[in-house]
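Structure first, commentary second.
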Protein chains: 2
Amino acid sequence: MAYRQGLDTDTVLQAAIEIADVQGVEQVTLAALAAKLNVKTPSLYNHIKGLPALRKQLSHLSLIRIKEAMVEAVLGKAGDDALLAAGFAYVNFARKQPGLYDAMASLPDFGDPDLQQASNNVVGFMLRLLEPYALSEEDALHVVRGFRSVVHGFASLELKNGFRMELERDESLRRLLTTYLRGLRTAD
Amino acid sequence: MAYRQGLDTDTVLQAAIEIADVQGVEQVTLAALAAKLNVKTPSLYNHIKGLPALRKQLSHLSLIRIKEAMVEAVLGKAGDDALLAAGFAYVNFARKQPGLYDAMASLPDFGDPDLQQASNNVVGFMLRLLEPYALSEEDALHVVRGFRSVVHGFASLELKNGFRMELERDESLRRLLTTYLRGLRTAD
DNA sequence: TATAATAACTAATGATATTAGTTTTGTCAA
DNA sequence: TTGACAAAACTAATATCATTAGTTATTATA
């Protein structure tokens with residue numbers, strides 16, 4: 001009712017994250033957002049460019065936060081320990097903020113420069129973790145693709161309820177990561 | 001214009017697949033579908049229950065086809081050879097029918113009985129491939145989760161353009177799969 | 001051939017995003 | 001202190017969708 005609600009971009013973004021995490025990313029609509037913020041839909045345009053732009057910002061934030069979570073997790077660790085911790089941090093982020101993670105994972109177009117840079121930061125972080133392994137640049141890049149596939153695949157299937165069997169999920173993840181790392185260590 | 005267009009459920013489904021593969025799954029709208037089939041939107045309701053039901057059918061079909069592709073790929077193969085072939089068949093399916101694959105991967109609710117059964121068939125197929133490894137039931141289920149994570153993660157990242165580096169993709173996939181399989185073979 | 005089932009249609013409703021133009025409020029400089 | 005301007009809310013309008021209700025034409029069948 002009050003003419004000034006005191007909104008800003010961050011508040012809108014935060015509300016969008018909450019809706020995404022609680023109700024699912026497909027429920028992040030301008031209508032739902034406006035209702036949550038006690039504002040009419042068009043008012044949101046003072047703070048965001050539109051729905052696609054909002055989704056892009058969510059993706060961007062998600063990439064940044066996921067990298068932060070991994071950085072925090074590997075402090076004081078190196079080698080397989082660090083990779084294992086980073087893998088768990090990745091999946092745990094997706095568990096804690098399923099909507100935000102989904103916003104990142106389900107963005108159709110990854111061509112945006114901001115997103116590319118955030119994505120490059122994640123890749124750069126993983127390359128750092130691989131330094132002790134003394135791989136060639138090409139080998140390291142293949143491993144980064146492999147590692148990302150592993151953790152994203154696991155997180156994604158788990159979130160979509162793809163694992164319906166009664167079976168410890170952390171144990172599945174631990175085995176997946178250690179199996180992959182063991183394979184890296186071993187020559188054919 | 002003609003009053004009977006000769007539509008049936010399969011035709012509608014096929015058109016939906018084409019839109020999904022060419023324009024992306026988010027472009028599969030009843031409006032686009034009706035336009036493609038030279039029909040008004042409400043007419044589609046004679047053949048499908050609605051958009052959510054259509055998407056569910058796409059997911060179902062995708063699960064069936066992906067299993068068929070893997071079955072075909074492993075004929076005459078066993079052990080690591082079979083798993084490698086199945087992994088490539090999985091990813092190649094996603095490459096050939098990106099929209100159909102995405103429809104499967106991005107379905108919010110996997111609780112439907114039809115989908116569960118189709119999904120169980122995929123799991124059952126993978127368990128068969130693991131028979132030569134003589135794992136316990138629990139071990140085998142963990143491996144199935146791992147393998148699905150690996151191939152889905154790779155396919156998903158590749159489709160979303162997550163691999164922007166100039167680097168052979170098939171080589172990345174081959175390394176990922178063989179590394180995982182090598183890890184399975186090796187004890188710690 | 002008459003009737004029933006079916007597949008198309010039109011019309012209407014409600015949700016959504018977006019744009020244009022308006023009003024109110026807060027801030028800042030004269 | 002006040003007046004002007006920028007910003008943030010608003011209303012109104014449009015366009016796109018999905019969906020439902022009710023109607024008409026076609027096909028199949030009894």
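A, B, ... follow the sequence lines: proteins, then strands. Residue 1 opens every chain.
Judged as a side chain to side chain donor-acceptor pair (under 3.5 Å), and not counting sequence neighbours, the contacts of A/Thr11 are A/Asp8. Here B/Gln117 pairs with B/Asn121 under the side-chain contact (heavy atoms from CB on, under 4.5 Å) rule; sequence neighbours left out. With sequence neighbours excluded, the residues that form a ring-ring contact (aromatic ring centres under 6.0 Å, His included) with A/Phe154 are A/Phe163. For B/Glu131, the side-chain contact (heavy atoms from CB on, under 4.5 Å) partners are B/Arg128, not counting sequence neighbours. Legend: residues meeting side-chain contact (heavy atoms from CB on, under 4.5 Å) with B/Asp80, ordered by chain and number and at least two apart, are B/Tyr133, B/Leu181, B/Arg185. Applying the side-chain contact (heavy atoms from CB on, under 4.5 Å) rule to B/Lys36 yields the partners B/Ala15, B/Glu18, B/Ile19; only residues at least two apart in sequence or on another chain are considered. In this view, A/Tyr90 and A/Tyr101 satisfy the ring-ring contact (aromatic ring centres under 6.0 Å, His included) rule, not counting sequence neighbours.
Atom CG of B/Leu51 and atom C1' of C/dA15 are 14 Å apart (whole Å). A/Leu37 places its CG atom 9 Å from the P atom of D/dA9, with the value rounded to the nearest Å. If you take CG of A/Asn38 and P of D/dA8, they are 18 Å apart, rounded to a whole angstrom. For the pair B/Asp8 CG and C/dA7 C1', the interatomic distance rounds to 12 Å; values are reported in whole Å.
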Please list each protein N or O that sits under 3.5 Å from an N or O in nucleotides 25-27 of chain C, with the distance.
from   : atom 1 : to     : atom 2 : distance (Å)
C/dT25 : O2     : A/Arg4 : NH2    : 2.8

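In this model, no donor atom of one side chain and acceptor atom of the other lie less than 3.5 Å apart for A/Thr186 and B/Arg182.
Residue pairs meeting the side chain to side chain donor-acceptor pair (under 3.5 Å) criterion with at least one member in residues 153-163 of chain B, sequence neighbours excluded, are A/His152-B/Ser156, B/Arg95-B/Glu158, B/Asp102-B/Lys160. Residue pairs satisfying the ring pair (Phe, Tyr, Trp, His ring centres under 6.0 Å) criterion with at least one member in residues 30-64 of chain B, sequence neighbours excluded, are absent.
Looking at residues 19-35 of chain A, you'll see A/Thr29, A/Leu30, A/Ala31 sit with a heavy atom under 4.0 Å from some atom of DNA chain C. Near-neighbour residues of DNA chain C inside residues 39-47 of chain A, defined by a heavy atom below 4.0 Å, number-ordered: A/Thr41, A/Pro42, A/Tyr45.
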